[in-house]
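Whatever order the structure lists ligands and atoms in, that order sets their numbers, starting from 1.
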Amino acid sequence: MVGAVDKHLALIGFMGAGKTTIGRVLARLTNRPFVDTDEEIEKRFGPIGELFEPGEPEFRRIEEQVVAEALAGATSVIALGGGAVLSEETRKRLDRTAFVVWVPVDVEHAWSRVGESGRPLARDREQFGRLYDERASLYQRVAEGQGEDVQSLLLASLGIGSSIRLPGSAALIVDERVAALHELELSPATTHVVPSGEDAKTLTVVERVWSELGIGRDGWIVGFGGGSTTDVAGFVAATHLRGVRWVAVPTTLVGMVDAAIGGKTGINTEDGKNLAGAFHFPEQVLIEPRFLSTLPAEERRAGMSEVVKTGLLAGSAIWELPETELIRACAAFEAGSGYEVRHGDAVALGLIAALRLSGRPTDVVEEVLAPELVRVDRDRAWDALLRDKKGKFRLVLLGNDGGYVTDVPERDVKRALDELIAD
Ligand code: S3P
């Protein structure tokens, strides 16, 4: 499995890096339990200062045991004490069971945070500095990703970043329009061009690519294009030789903030959209806002709807951020929800609004899906919706014979939105 999906997310780094504070937030966002191994040690064995009294090895023995137990437990976010990775046993266990991220900190900052804290190894500034220098390369070696804040670590935990590393041979699956607009330097990679948009998501295209692919089980697939291209590339990766690793390089806003993240891959069948597919997480997602420079306006608007939806769910006006930050924020939120499907909440809330506007009861959605109201500023949410819809509300409502498209008065839409927001 990729990144921290199905594995612990373990935070390592020097004293004072903020592992506990950041770890708590990461646990909340990924809906996982949080374990702080120092806290666990103190709860069970007493103050760390006293455990150091018989000598450091005694503390390390206890620490190794507590870390081993945490790693053997339910999939969690785990903040490790600064010296925990000195143990070779711990490093081996981490390698098997966790995605390890390093929270770096500069030594002055670290000292200002823990110099007075009573930690046994933070009493003398010079000794603290020496320890810092000795450990830096160890953290770097053990970690698979790094980041100083929640957003970067969340992105790192799903391999979302701004560069790709392809250890083996690669096949590039690219949208025909995108291939003409941008170049992705990948050598040596074979290139397989697929039609733009939904036309790529057919079994005929997949069969052609399967037979053209020249990669073995250790090869990689790179999907380069919009959501349809990454859907089909991911599907080919999930099925070729029973599954090979893949990298998503989204070139649309929807792809960057949603479609390429979270491991959903698939194609359409005669019966409908995305009816054949698999969850197959990309090893890496390359987010490069420069690819958006050629994106048509209507595609950008489609992407903004996702941004507004994510902002509403996250309870923050993400849509007001500059583009690069907005993409990072949405991708991080999506990465968090990659651990637990959150999209359903948005769909359920949208269904409630649509049913209300259709004059229909909402009890089925409320009982079966039980979505929670979102916490967000009402005026900002309304402004965002107005901007997104350009002041016109052509919506799909439910009539006696199924769905129909109609213009809905602004005040009704406003009321429906208001009713989705918690006080
Ligand atoms: C230590 C770090 C501390 C704690 C102990 C030893 C170290 O944890 O485990 O004082 O060797 O770096 P934090 O990194 O959580 O402060």
Side-chain angles (χ1 to χ4, degrees), residues 4 8-28 32-73 76-94 98-150 152-153 156-157:
H8 299 292
L9 178 58
L11 276 62
I12 63 167
F14 206 57
M15 294 170 261
K19 290 164 293 188
T20 304
T21 315
I22 293 176
R24 253 184 237 295
V25 182
L26 282 172
R28 184 168 50 75
R32 291 178 169 200
F34 175 63
V35 183
D36 179 281
T37 57
D38 282 344
E39 264 173 37
E40 203 53 35
I41 291 170
E42 297 215 310
K43 227 188 304 166
R44 290 167 46 191
F45 298 90
I48 288 180
E50 285 173 23
L51 299 175
F52 262 76
E53 274 164 24
E56 188 174 330
E58 173 61 6
F59 170 77
R60 296 294 172 208
R61 195 186 55 72
I62 293 173
E63 181 176 51
E64 192 178 279
Q65 179 193 330
V66 168
V67 173
E69 284 170 24
L71 291 174
S76 308
V77 174
I78 306 176
L80 301 182
V85 288
L86 295 173
S87 149
E88 197 187 328
E89 278 307 311
T90 295
R91 292 200 298 272
K92 281 194 202 146
R93 289 190 184 109
L94 283 170
F99 184 79
V100 183
V101 285
W102 174 30
V103 187
V105 61
D106 67 69
V107 68
E108 281 311 327
H109 203 171
W111 179 251
S112 71
R113 281 179 173 164
V114 301
E116 305 276 294
S117 67
R119 282 172 175 73
L121 299 177
R123 294 200 178 119
D124 174 86
R125 174 65 184 84
E126 251 175 58
Q127 186 210 18
F128 189 80
R130 270 200 305 278
L131 206 56
Y132 179 93
D133 292 340
E134 277 165 31
R135 298 240 185 107
S137 64
L138 177 65
Y139 296 138
Q140 184 137 39
R141 188 153 51 80
V142 176
E144 295 160 87
Q146 72 176 74
E148 289 170 34
D149 54 42
V150 168
S152 320
L153 288 165
S157 75

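In this structure, S87 contributes its side chain and E89 its backbone to a donor-acceptor pair below 3.5 Å. In terms of modelled atom types and a separation under 3.5 Å, the side chain of Y139 and the main chain of G82 share a donor-acceptor contact. Under the 3.5 Å distance criterion, the side-chain polar atoms of R32 are left unmatched by any main-chain donor or acceptor of A27. Under a 3.5 Å cut-off, the side chain of K19 and the backbone N or O of G13 do form a donor-acceptor pair.
Contacts of F59 classified as ring pair (Phe, Tyr, Trp, His ring centres under 6.0 Å), with partners at least two apart in sequence or in another chain: F52.
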Output block, N or O contacts of ligand 1, threshold 3.5 Å exclusive:
residue: ligand 1; atom: 8 (O); partner: D38; partner atom: OD2; Å: 2.5
residue: ligand 1; atom: 8 (O); partner: G82; partner atom: N; Å: 3.4
residue: ligand 1; atom: 9 (O); partner: D38; partner atom: OD1; Å: 2.8
residue: ligand 1; atom: 9 (O); partner: D38; partner atom: OD2; Å: 3.3
residue: ligand 1; atom: 11 (O); partner: R60; partner atom: NH2; Å: 2.6
residue: ligand 1; atom: 11 (O); partner: G83; partner atom: N; Å: 3.4
residue: ligand 1; atom: 11 (O); partner: R135; partner atom: NH2; Å: 2.9
residue: ligand 1; atom: 12 (O); partner: G83; partner atom: N; Å: 3.3
residue: ligand 1; atom: 12 (O); partner: R135; partner atom: NH1; Å: 2.8
residue: ligand 1; atom: 14 (O); partner: K19; partner atom: NZ; Å: 2.5
residue: ligand 1; atom: 14 (O); partner: G82; partner atom: N; Å: 2.8
residue: ligand 1; atom: 15 (O); partner: D38; partner atom: OD2; Å: 2.8
residue: ligand 1; atom: 16 (O); partner: R119; partner atom: NE; Å: 2.6
residue: ligand 1; atom: 16 (O); partner: R119; partner atom: NH2; Å: 3.2

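Electrostatic pairing of K43 and E40 counts as a salt bridge here, judged by a charged N lying under 4.0 Å from a carboxylate O.
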